[in-house]
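Below is one structure, written out as C-alpha cells; comments come after it.
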Amino acid sequence: MDHLAETIYTMEYNFTAIEQKWQQFWEKNKTFKTSDDTSRKKYYILDMFPYPSGAGLHVGHPEGYTATDIVSRYKRMKGFNVLHPMGWDAFGLPAEQYAIQTGTHPAVTTQKNCDNFRRQIKSLGLSYDWDREINTTDPRYFKWTQWIFIQLYNTWFDEQQQKGRPISELKVPDNYKSQGFDNKNAYIDAKRLAYYDNAQVWWCENCKIVCANEEVLTDGTHEKCGYQVVKKNLKQWMLRIPHYAERLLDGLEGLDWPEGVKDMQKNWIGRSTGAEVHFPLAGSDKSIEVYTTRPDTLFGATYMVLAPEHELVNEITTPEHRQTVSEYTRAASLKSELDRTELAKEKTGVFTGSYAINPLTNQQIPVWVADYVLTGYGTGAIMAVPAHDTRDFDFAKTFGLPVVCILDPEQNTDNESRQKILEGNMCWPEDGQYINSANPDKGIDINGLNKENGIQKIVEWLEQQQIGKAKINYKLRDWLFSRQRYWGEPFPVIHWEDGEITMLNENDLPLELPELDKYEPGANGESPLANADEWLIVTDKNGRKGRRETNTMPQWAGSCWYYLRYIDPANNEAPFNKAKENYWMPVDLYIGGAEHAVLHLLYSRFWHKVLYDLGIVSTDEPFQKLYNQGMILAFAYETSTGAKVATDMVEEKEGKFYHIENGEEVQQIVAKMSKSLKNVVNPDDVVERYGADSLRLYEMFMGPLDATKPWADQGVKGVFGFLGRVYRFFANLDNINGHNKEDAEVLKLLHQTIIKVESDIENLKFNTAISALMVFTNLAIKKGKVCKETAELFTQILSPFAPHLGEELWNLYGHTGSITYEPWPIANPEFLKEDTFEYPVSFNGKMRFKLELPIDMPVNEIEQEVLNNPRSEKWMEQKTVRKIIVVPKKIINVVVS
RNA sequence: GCCGAAGUGGCGGAAUUGGUAGACGCGCAUGACUCAAAAUCAUGUACCUUCACGGGUGUGUGGGUUCGAUUCCCACCUUCGGUACCA
C-alpha cells in the first residue's frame, strides 16, 4: 500500500488516469444504482433532460448537471435514498430535417446523438443510475405518452368541483339527448380535454411545410428559408388547458420556485377580473357581448369595436359599407399576427354602418371593425372608452370619434394635464373620481366614487338589470397539440369514413411510426405520415374504412411526464407502479434553464394535475423545488463602432485588447458563445486538458448557480491548480500523520468548513462552498502536516464536488470501497468553541482598530476596556463621548462629537 | 410600455434578521527553484496620499432613515431576461 501510494505520489496529479479508473469502477460496481427501498427516506433530484443534438454537449449542460450531482452525492452521504436519473428528449426537428436531406432514418441519427451525449455525460463523472435511462422516442416509452393522451381525451373538467373527471361520469343534459346521437356526442366532445378542430398554423409556401411558432422570426419570415409565412387552417388536436387555469394558478402558491418563474407563469395564465356586458344593436334584436375589466367606465363608452373575425361582422354591416368592411377583413386575415402587432403605432379600422346602444346612457354608438381587437381573447368585441383606455384613445383620435371624460383625475396629476383630460384631449387610465356617471332613469349613479367602488357598484347594477355579469378571463389559450411531422409520437387515433373518431385500445399501444422512403411532407401540409399508405389505412371488423391521424405530437409531449417514467422505467404493464410513484413523488429538486419557465413547466403541471384528478399520481404538483441555472456566456470583443471581433483576431497587451491585423484597440464584452465569434467552449476539450473534476469545480466556482456568467479559461486553470495542490498535499502520505493530536487551529477550521460546506450545498451556493474548501486546503498546506482523520474528513466533504479525486484519496487512505455512501461528517461543537472575540472598534461608524476581548465579557466592562484603551485616545481628543454601542460578538461603536 | 433580475477592485465574484467591504480564485508584481522557460513554492496587490507610521475616498447616481447602510426607504440611470394592442 505504502509503495503504491509512493509511486502515485511521485507522479503529478494524473487526472486522466484517476478519472478513468473511477468511472470504470462506478460502472462495473453499479455504484449509483437506486433501489426502491421504501423504508428509507427518499430524495428525488431531477435535471431537465437534454435534446441530444448533433453538436454534442455544450458547457451549459454540465452546469446544472454538476449542481444536481453534488446535491445527489451529498444526500447519499446524508443517508437518503437518492433518485437521480438521466434520459433523452429525443424527438425533434433536426433529425427529421437531416432525414429529408440524406434519407437517414431519424432513429439512426437520434441513436448516434444519444450515444455521444451519454459518452460525454459519463466522462463528467455524474452519478446517474443508468439503468433508469429513458428515451422519449423509444416505443416502450411513447406507448405511455399515447396512453396519457387517451386519458386526456377521456377526461372532462368539472367546473363545480374544479376537477378533471372521467368522461363516463359526464351527464348529458336531457335536451341534448333528445336531439339524437350526434348532438350528444358533440356535447361530450366539447367537454373533452383533448379535441379535434380547425386551427390556424403557420405555413411556408416555399418549403411547403408547417412551421412551429419558434421557427417564425419576428419579421414574419421562416427562419430556414427567409420566405414569408402565412396562416393556414388545418384540422388539429387541441388541449383545453385553460380549464385548469385556476388550478395552475393556485398550485403555484405552495411551491418552492423562483418568484420570477411563478410571476411568468401567472402572467402567461393572465387572469383578469371584469364583466361581460350586452350591448343591444339599434334596430335589431341582436346584441354584442363584450368583456371589459373596466365596467365602471361604461358611461364613457362612445363606440364599439369588433375583431375582423367576429361572427357578427357580416351580419351587421350595412350595404353601403359592405365593400370597405369586406376588404378590411380580408386584408386582416392575410396579415400575420406579427404584422398586426408590428403596426401597433398606427391603428386601422372601418365603420360597419351599424349602431349599438349604450345600456347606461341609451345613446347610439357606432360599431367599428378593427384589428387591434383580437378574436381569441374575451368575446372578440369591446366597448371603447377612449377617455380612459390608451388604445381606444389612439383609435378615436385617428378616426375622429368622440371622447367623453367620466373620471376626474383630481389631485392624481398636474393641473394642466387634468384640464386636457377633462376636455377629452388626453387619456387617463388611472384612478380618480367619477363625473358624468349617473342616469336617474336607470337608477344608477357612481359620481364621486373611486375606481374600486365604481366597478363594484356598476357590476351589481348590471347583474340586477340582467345585462351583464362579473366575469373572470384568462389569456391562456387552448394548446395546439399536433405537428405536421414524422419524428414525433403518433396519435393513437383513427378517423373513420363516417366521421367518427376513435382512440386505439390500450393493448394496441404503442402505435409505432411506419418506415418511410422519403420524409418530405405530404400534400396540403399533411405530415409525411400521409404517404405511408399501408400504415395509414385501416378497416374495422365491419368493413368500415378509417385513416390514422397523420399529425404527431409536439416535442413537449414526451417531456410532460418523463419524471414519472424514471420511477419505473421498464414497466410494460403501466406507465409506472403506483406504490413506487407514491414513494418517489414529488420531485424534491428540479434544476434546469430558465427558458422553460413557462411552457414546459406549465404543460407538465397541467398533465400532472389531470393525472392527479384521475387518481393516477399521488401529488397535485410534480416539482416541489425548482431552481434555474444561469446561462454561461463567453468573452468576445467589440470595436468602437460596435462591430464584433472574433476572439482569435484579438491579442492582449498590458490588460488592453488589440486587433491583431490593424492594431485597433477593442473592448472586451460578454456575449453568447457562437461559432462566428470563435468563443465556443467544448466540454470534451476541457476534460481532456484539465479533467472532469476541474470542469465540474470551475462551473460551480464561477459564481452563483443562477447567475449569467462568462466563461474564462484562466478560471479553469485556477481550480485545476487547486485540485493539483489538494492532490500533492493530501495524496502524499508523508504529510498525513497517523497518531499525533491534531493542531487546534486546523481542527477548528476543519469543523467550521464541514458546517459551511453542508449549509452551502443545502442552499445551492456551491461557489462559496468551494471557496471554503480552498481556505482549508491553504491552511493545511501551511501547517505542513495533518492527521489522517483530518485528511479523511476533508476528503469526504470534497468528494461531492470532485468525486474522482475524492475516491482516489479515500483509496489511498486504505479504504477499499467507494466513498459514495460514507456518512457525511458531523461537525463537533467542541472544536468550534471560542474564548475570545476580536472586536472591530469604530468611532462614529468608522473602524479604527481591533480589540480582542473575552467572549463573555459584560457590556459595561467592554465599554471601560474601549475607553481605557490607549488606541482610543486619538479619536476622543477634544471630543465628548456621547454613546457607546456594543453588540456582543459583532461590533463596538463609539459616538463622539 | 409592462413584469422580473442585476449594477461591488484590472477580471469572476464574497459579505445582507443593518455591524470589520473586497473572502476565494484569476491576473499582475517581487522573490525562491532553474542554464533558461514552464510548472511549483513564498510574499504583496481597491483607489488616492505618504519613505514609512498613518490619513482620506470608495459597493451605478442623487436624496433619506440610523450610532452604523453594499444591505432598509424614495427618486433616477444603465445592463440583461421575459412579455407585448389580452380590453
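Just so it is clear, the model here is predicted, and its values are computed rather than measured. Order of the sequence lines fixes the chain letters, A, B, ..., with proteins taken first and strands second; residue numbering starts at 1 for each chain.
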- By the Watson-Crick or G-U definition, both distances under 3.5 Å, B:A5 is matched with B:U79
- Can you find a side chain N or O atom of A:Lys846 that sits less than 4.0 Å from OP1 or OP2 on B:G58? no
- Message: If you compare every side-chain N and O of A:Asn473 against the phosphate oxygens of B:A87 (OP1, OP2), does one of them come in below 4.0 Å?
- Response: no
- Which nucleotide in the set B:G54, B:C3, B:A87 lies at the smallest distance from any side-chain heavy atom of A:Asp263? B:C3
- In whole angstrom, give me the gap between the P atoms of B:C53 and B:C67. 35 Å
- Task: Hey, can you tell me if A:Tyr603 and A:Trp556 have their rings parallel, tilted or perpendicular (30° and 60° cut-offs)?
- Result: perpendicular
- Item | Atom P, compared across B:C26 and B:A39: separation rounded to whole Å | 12 Å
- Task: For the side chain of A:Lys347, starting at C-beta, report the closest nucleotide among B:C85, B:A14, B:G55.
- Result: B:C85
- Task: Both distances under 3.5 Å, Watson-Crick or G-U wobble: report the partner of B:C47, or none.
- Result: B:G56
- Message: Below 4.0 angstrom, which residues in residues 773-786 of chain A have at least one non-hydrogen atom near RNA chain B?
- Response: A:Met774, A:Val775, A:Asn778
- Query: So, is A:Arg848 close to the B:U20 phosphate, meaning a side-chain N or O under 4.0 Å from OP1 or OP2?
  - Reply: no
- Item | Gap in Å between the two P atoms, one belonging to B:A69 and one to B:U79, rounded | 30 Å
- Do A:Ser694 and A:Tyr13 pass the side-chain hydrogen bond (donor to acceptor under 3.5 Å, both in side chains) test, and can you show the C-alpha distance, the side-chain angles, and the key distance before you say yes or no? CA-CA 12 Å; A:Ser694 289; A:Tyr13 169 42; 4.9 Å; no
- Query: From the list B:C3, B:A14, B:G82, which nucleotide is the closest neighbour of the side chain of A:Met264?
  - Reply: B:G82
- Item | No-H, no-angle donor-acceptor pair, A:Lys266 side chain to B:C3 base, under 3.5 Å | no
- Message: Looking at A:Leu677, is its backbone amide N or carbonyl O close enough to the side chain of A:Thr647 to form a donor-acceptor pair, meaning the two atoms are under 3.5 Å apart?
- Response: yes
- Message: Does B:G55 have OP1 or OP2 under 4.0 Å away from a side-chain N or O of A:Lys874?
- Response: yes
- Item | Distance below 4.0 Å between A:Thr768 side-chain N/O and B:A23 OP1 or OP2 | no
- Item | A:Asn893 CG to B:G19 C1', straight-line distance once rounded to whole Å | 9 Å
- May I ask you to check whether over 12 heavy atoms, not counting those of A:Glu311, lie within 6.0 Å of atom CD? no
- Message: Between B:U78 and B:U61, how many Å separate the two P atoms, rounded to a whole number?
- Response: 15 Å
- At under 4.0 Å, does any side-chain N or O of A:Tyr839 touch on OP1 or OP2 of B:U20? no
- Task: Would you sort out whether A:Phe399 and A:Tyr303 count as a ring pair (Phe, Tyr, Trp, His ring centres under 6.0 Å), showing the intermediate values?
- Result: CA-CA 11 Å; A:Phe399 294 101; A:Tyr303 65 99; 9.0 Å; no
- Should B:G9 be called syn or anti, with syn set as within 90° of 0? syn
- Task: Please measure how far the P atom in B:U8 lies from the corresponding atom in B:A23, and state the result in whole Å.
- Result: 16 Å
- Note on the structure: In Watson-Crick or G-U wobble terms, with both distances under 3.5 Å, the base opposite B:A36 is none
- Item | Check: A:Asn679 side chain, A:Ala636 main-chain N or O, donor-acceptor pair, under 3.5 Å | no
- What do you reckon, are the aromatic ring centroids of A:Phe15 and A:Phe720 less than 6.0 Å apart? yes
- Can any side-chain N or O of A:Tyr698 pair as donor or acceptor with the backbone N or O of A:Ala712 at less than 3.5 Å? yes
- Message: Could you tell me how far B:U70 sits from B:U17 if I compare only their P atoms? Round to whole Å.
- Response: 15 Å
- Gap in Å between the two P atoms, one belonging to B:C76 and one to B:G25, rounded: 42 Å
